[in-house]
Amino acid sequence: AKVFKDPADTLNTSTITGMDVSVNIELDKEAQLNVLVDPANGDMLKLKGAAQLNGGIDPGGKVNLTGNLTVEEGSYDLSLSFLKRRFEIKKGSTLTWNGEPLMADADVTAVYVAETAPIDLVEQQLGSISQSELNTYKQKLPFNVNLMLKGELMKPQISFDIILPEDNYNVSTQVIDAVNGRLTQLRNEPSADRTSSARAQCVFRRWQDPRGYLRRECRCANPCPRD
């Protein structure tokens, strides 16, 4: 599979000049595309999906590409200090080309499942409850940490969301309602707080704010969602 590394990659230009070339490109769902999103830290986007594309080379040697790729499966390897977490990409995510091959527009959602207890998330809102009730909030639940990549493929805007998927968990509806209510509040807080919560789940699998602990230089879009 081709690894795209940098906007200056030779995919944007061709040694062929003086001709106007156009070609239709069909990718089946087993075709794999690898994109090195953050070369400094090795963050890698790996995609498999079907696409109907049109490629061309103008007389000056400039390469262009148009069309859409719909993701069947894939992953995003996110580096967080000394750890790397693999997010599984949701089927139906897309890449759209309207010009240079490395200037695709991304609309990608990837998921990391963090098994963690919600007690630290909701404890301050519980008020006075019995120890037995408090213990019900200490049962681990499978929270989905969603990582969203939007915009330019090689310099995407990265954001996070945390959800508790609908399922029949072995806890009361009171626990589920409290968790979902707090997650809704979290979505209305500054993006830096949401990112810190997501990062804490990925690194520590706990509800805490490790800001300042995992800060590092990043080549993604500014402001960096990891800072």
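- No path of Ile, Leu, Val, Met, Phe, Trp and Tyr side chains, each step under 4.5 Å between heavy atoms, connects I163 with V171, placing them in separate hydrophobic clusters.
- In summary, of the residues considered (N64, N68, L69), a side-chain contact (heavy atoms from CB on, under 4.5 Å) with W97 occurs for L69 alone.
- Put simply, the side chain of V179 reaches to within 4.5 Å of the side chain of F143, judged on heavy atoms.
- Between L65 and G55, the closest heavy-atom pair is CD1-CA, 3.9 Å.
- To the nearest 0.5 Å, the span separating CG on L45 from CG on D38 amounts to 12.5 Å.
- Taking 4.5 Å as the limit, every side-chain heavy atom of V35 sits out of range of all side-chain heavy atoms of L102.
- Note that CG of D120 is 11.5 Å distant from CZ of R182, once rounded to the nearest 0.5 Å.
- Residues V145 and V111 have side chains not in contact (no heavy-atom distance under 4.5 Å, counting atoms from C-beta outward).
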Could you list the donor-acceptor pairs under 3.5 angstrom formed by side chains in residues 87-95, with sequence neighbours left out?
unit_1 : atom_1 : unit_2 : atom_2 : d
S93    : OG     : K90    : O      : 3.0
S93    : OG     : T109   : N      : 3.1

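- D161 is listed as a side-chain neighbour of M148, based on a closest heavy-atom distance under 4.5 Å.
- Pairs engaging residues 136-147 under the side-chain hydrogen bond (donor to acceptor under 3.5 Å, both in side chains) rule: none recorded [sequence neighbours left out].
- Using a 4.5 Å heavy-atom cutoff, the side chains of E152 and D105 are not in contact.
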**Request:** Would you check, one step at a time, whether the test salt bridge (charged side-chain N to carboxylate O under 4.0 Å, His left out) holds for K84 with D77?
**Result:** CA-CA 6 Å; K84 189 177 287 288; D77 293 328; 5.8 Å; no
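- Residues N34 and Q32 have side chains that bring a donor and an acceptor to within less than 3.5 angstrom of each other.
- Residues forming a side chain to side chain donor-acceptor pair (under 3.5 Å) with T173 (at least two apart in sequence, or on another chain): none.
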Show the atom names and distances, to 0.1 Å, of all donor-acceptor pairs under 3.5 Å that link a side chain in residues 124-132 to residues at least two apart or in another chain.
unit_1 : atom_1 : unit_2 : atom_2 : d
Q125   : NE2    : Q185   : OE1    : 2.8
S130   : OG     : S132   : OG     : 3.0
S130   : OG     : E133   : N      : 3.2
S130   : OG     : E133   : OE1    : 3.3
Q131   : NE2    : N135   : OD1    : 3.0

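- With rounding to the nearest 0.5 angstrom, the CG atom of L36 is 8.0 Å from the CG atom of D43.
- Partners of T66 by side chain to side chain contact (heavy atoms under 4.5 Å, CB included), not counting sequence neighbours, listed by chain and number: N54.
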**Request:** Test V108 against Y76 for side chain to side chain contact (heavy atoms under 4.5 Å, CB included), laying out the working first.
**Result:** CA-CA 10 Å; V108 174; Y76 185 86; over 6 Å; no
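- Taking CG of N180 as the start and CD of E166 as the end, the distance is 8.0 Å to the nearest 0.5 Å.
- Taking the side chain as every heavy atom from C-beta outward, I119 and L134 approach each other to under 4.5 Å.
- In this structure the side chain of E73 never reaches within 4.5 angstrom of the side chain of K29, judged on heavy atoms.
- Annotation: side chain to side chain contact (heavy atoms under 4.5 Å, CB included) contacts of E30 (sequence neighbours excluded): D28, K48.
- The CG atom of L186 sits 9.5 Å away from atom OG1 of T184, with the distance rounded to the nearest 0.5 Å.
- Counting only heavy atoms from C-beta outward, the side chains of D167 and P165 never approach each other to under 4.5 Å.
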**Message:** Checking D107 against K150 for the side chain to side chain contact (heavy atoms under 4.5 Å, CB included) test, could you report, in this order, the C-alpha distance in whole Å, the side-chain angles of both residues, the deciding distance, and whether it holds?
**Reply:** CA-CA 5 Å; D107 186 0; K150 305 284 186 181; 2.4 Å; yes
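- In this structure, the side chain of N41 does not engage the main chain of S79 through any donor-acceptor pair within 3.5 Å.
- Here the CG-OG distance, from L47 to S75, works out to 8.0 Å after rounding to the nearest 0.5 Å.
- Nearest approach of P118 to L141, heavy atoms of both residues: CG-CD1, 4.1 Å.
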